[in-house]
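For the single chain, residues carry numbers from 1 onward in sequence order. Remember, it's 1-based here, ligands and their atoms both numbered in the order they're listed.
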Amino acid sequence: MSAFFQEAVETASLDEIRSLQTDRLKKIVRHVYENNEVSRRRMEQRGVGPDDIRSVEDVRKLPLMDKELLRENYPARLSCRPAGEFIEMHMSSGSTGTPIVMPYTRADLQQWAECMARCYFMAGARPGDPVQITPSFGLFNGGFGMYHGARAAGLFIIPTGAGNTARQIRLARDFGTRVITGVVSYGIRIMEVLQEMAETLPHLKIGVFGAEIFSDSMKRKIASGLGIEAFDIYGMTETGGVGTLGQDCPAHNGIHVWEDHYIVEVLEPKGETPVPDGRQGELVVTSLTREALPVIRFRTGDLTRILSRDKCPCGRTHVRIAPITGRVDDMLIVKGVNFFPKQVEQALMQIPGVGANYQIILEDIDGVQDVTVHVEAEPNVTGFMVEKVLKEALGFSPKGDVFPIGGLPRQEGKAKRVFHKDKDGNLT
Ligand code: DLL
């Protein structure tokens, strides 16, 4: 069987992709302009309309949008279709009050399933393969997106949802799960429980994980701990959910973004100036094929860079971006040093005997930011070893505290890694 779900489009030439993007951009801008008042007004304020869009590059003429705009227009005032056409919705709550809602028409659901099915195929899943879907089935898009995609890819779905890891392992063993999907920290959880139970899952070959920072050393740890090939899947509520923005392929050299469905730009964080290929910036995304709420130049808040626009050894031609470094607002500044939580993860995971759970704790001591890293590890790992590795990686030395494996709290869903400690010692 072919290694591709949709070979013609996944391997289309650069010219073909550009011409498809141009056609689709013209259409989607007209669609949004004609069917949504808020968006039309925003375009008019910028002095641009559908007739000004003649090529992909003209995307730059359009106004940028952010999460705030989506929140202000809760529940669905940015929709371009009447609510009677919605057949599903998902929502992300984030840390501040008003949630962001993404409504789906029938066509939107199909688009999502197609993107997600491509990701499964790219990871090596084939019709009939048992896939265990471990994100929650609810407002979070992870569970349902992986479900819709698995339907389209013809997989055998084991929709376990989140939690009850011992039961997950039992089902994986009894049904021969070949593909497991989840948020990164749940992959870690399964790995730990398997180790505690002294079990292995010989049928398990493929892990599709995302939704959280995923450093290369964490990828290696999960891959060897579960005996699988691990893939990094990307997507977000605003673009239509998990898998819409793509995944890495077996060459593991960047995330292929599905360019027939999305245009990506990398801009200076919070600014408007494009950064050259290879340089890190904020990813900005335009949905080309969504009906209800296509985002136009949406500031994702995620930091990445364009890795390559060349044909990949896997045969695909869609642009590759680097794994996400972190969010624009995630950068920590301690003792004059700027760093991202991902750098801490990358450094910690290189210490033999260190577990996969950690916390970065920031505390204000007399106006000076102090940082302590808590990490789970085997008894042979000391705080001094942790401090030494962090000093090499970051250029300054946070305090390192080692906890036994299982000694740090776990959350369901996305793991929180950075905490602020207040005067009374409470972590928030
Ligand atoms: O997290 C979609 C998803 C579910 C992706 C399951 C992968 C697996 P949201 O809850 O809207 O949607 O959060 C989107 O999560 O802007 C990134 O900051 C982060 N994120 C998603 N995938 C990755 C990844 C889902 N592969 C936000 N690596 C995004 C790093 C990721 N961060």
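When the options A211, P323, G240 are ranked by their closest heavy atom to atom 23 (C) of ligand 1, first place goes to A211. Which of L303, D302, L283 comes nearest to atom 29 (C) of ligand 1 through a heavy atom is settled by distance: it is D302. For atom 25 (C) of ligand 1, the nearest non-hydrogen atom from the set G235, G145, C119, S215 comes from G235.
In this structure, K219 is positioned above the aromatic face of F214, its NZ or CZ under 6.0 Å from the six-membered ring centre and within 45° of the axis. Judged by the 6.0 Å and 45° rule, K416 forms a cation-pi pair with F419. For R81 and F86, the positive end is not near the middle of the six-membered ring at less than 6.0 Å and at most 45° from its axis.
The aromatic ring centroids of F137 and F144 lie less than 6.0 Å from each other.
Nearest non-hydrogen protein atom to atom 30 (C) of ligand 1 is E212 O, 3.2 Å. When hydrogens are left out, the protein atom nearest atom 14 (C) of ligand 1 is M236 CB, 3.5 Å; that is the closest non-hydrogen contact. Of all protein heavy atoms, the one closest to atom 11 (O) of ligand 1 is T237 OG1, 2.5 Å. In this structure, atom 3 (C) of ligand 1 lies nearest to the protein heavy atom V242 CB, 3.6 Å.
Residue I233 has at least one nitrogen or oxygen atom sitting less than 3.5 Å from a nitrogen or oxygen atom of ligand 1, judged on distance alone. Polar contact check, K414 against ligand 1: a nitrogen or oxygen pair lies under 3.5 Å apart. For ligand 1, the polar-atom distance check against N141 finds a nitrogen or oxygen pair separated by under 3.5 Å.
The proximity of I255 to ligand 1, defined as any non-hydrogen pair under 4.0 Å, does not occur for either the backbone or the side chain. The proximity of I324 to ligand 1, defined as any non-hydrogen pair under 4.0 Å, is limited to the side chain. No part of F209 comes within 4.0 Å of ligand 1, judged by heavy-atom distances.
With rounding to the nearest 0.5 Å, the separation of CZ in R297 from NZ in K61 is 12.0 Å. Atom CG of L348 is separated from atom CD of Q343 by 11.5 Å, given to the nearest 0.5 angstrom.
Taking a cut-off of under 4.0 Å to the non-hydrogen atoms of R327, the atoms of ligand 1 that pass are 16 (O), 18 (O). Short contacts between ligand 1 and D232, defined as distances under 4.0 Å to a heavy atom of the residue, involve ligand atoms 24 (C), 26 (N), 28 (N).
Using a 4.0 Å cut-off between charged nitrogen and carboxylate oxygen, E259 and R18 count as a salt-bridge pair. Under a 4.0 Å N-O distance rule, the pair D216/K221 does not qualify as a salt bridge.
With H318 contributing its side chain and I255 its backbone, the two residues share no donor-acceptor pair below 3.5 Å. Using a distance-only test at 3.5 Å, with no hydrogens or angles considered, no donor-acceptor pair links the side chain of E199 to the main chain of L194.
Note on ligand 1: Y234 sits in its first shell, one or more heavy atoms being nearer than 4.0 Å.
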